[in-house]
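Reading through the structure tokens given below for one structure.
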Amino acid sequence: MKILYILLLTLITATGCNRITDQDKINTAAIHFAGDFITENIQSSSSLRIEGRPVVKNEADSAYYISGSLEGFSPLNYPVSIKHFNETLHYLGGNPNERKNWVCIEIYVGNKKMK
């Protein structure tokens, strides 16, 4: 019976630790809009997608630095190239899931400044 109580207490404690904070919501929105700004600002013959898990850092007040891998796909949907990207976004406030609340400051793909 003790083992059952310990197991129940462990499950209750473990589930309470996985709360989504406001910062998590902003980081998720930053990653989403980083991909939108990449496709909007970079002209490429292949379609570009963020690949893997990008890293988001809150550099300064409402400035978010996103870095990760960017993969290009041909029209036949096979991978063409993988490059590292860095992007700086400014969050204007309000609902983080609305496009009008984000501004792209700069985008680097590899060592080349794209915006």
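- Note on residues 88-100: pairs passing salt bridge (charged side-chain N to carboxylate O under 4.0 Å, His left out), not counting sequence neighbours, are Glu40-Arg99, Glu98-Lys100.
- For residues 82-93, the set of pairs meeting the side chain to side chain donor-acceptor pair (under 3.5 Å) definition, not counting sequence neighbours, comprises Tyr65-Asn86, His84-Asn86.
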Identify all side-chain donor-acceptor contacts of residues 24-35 below 3.5 Å with residues at least two apart in sequence or on another chain.
from  : atom 1 : to    : atom 2 : distance (Å)
Asp24 : OD2    : Thr21 : N      : 3.2
Asp24 : OD2    : Thr21 : OG1    : 3.2
Asn27 : OD1    : Gln23 : NE2    : 3.1
Thr28 : OG1    : Asp24 : O      : 2.9
His32 : NE2    : Asp36 : OD2    : 3.3

Please report, to 0.1 Å, the donor-acceptor pairs under 3.5 Å made by any side chain of residues 101-111, with sequence neighbours excluded.
from   : atom 1 : to    : atom 2 : distance (Å)
Asn101 : ND2    : Gly93 : O      : 3.4
Asn101 : ND2    : Asn95 : O      : 2.6
Trp102 : NE1    : Pro96 : O      : 2.8

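- Looking at residues two or more places apart in sequence or on another chain, you find no salt bridge (charged side-chain N to carboxylate O under 4.0 Å, His left out) involving Lys112.
- Minimum heavy-atom separation, Ala63 to Asn58: O-OD1, 3.2 Å.
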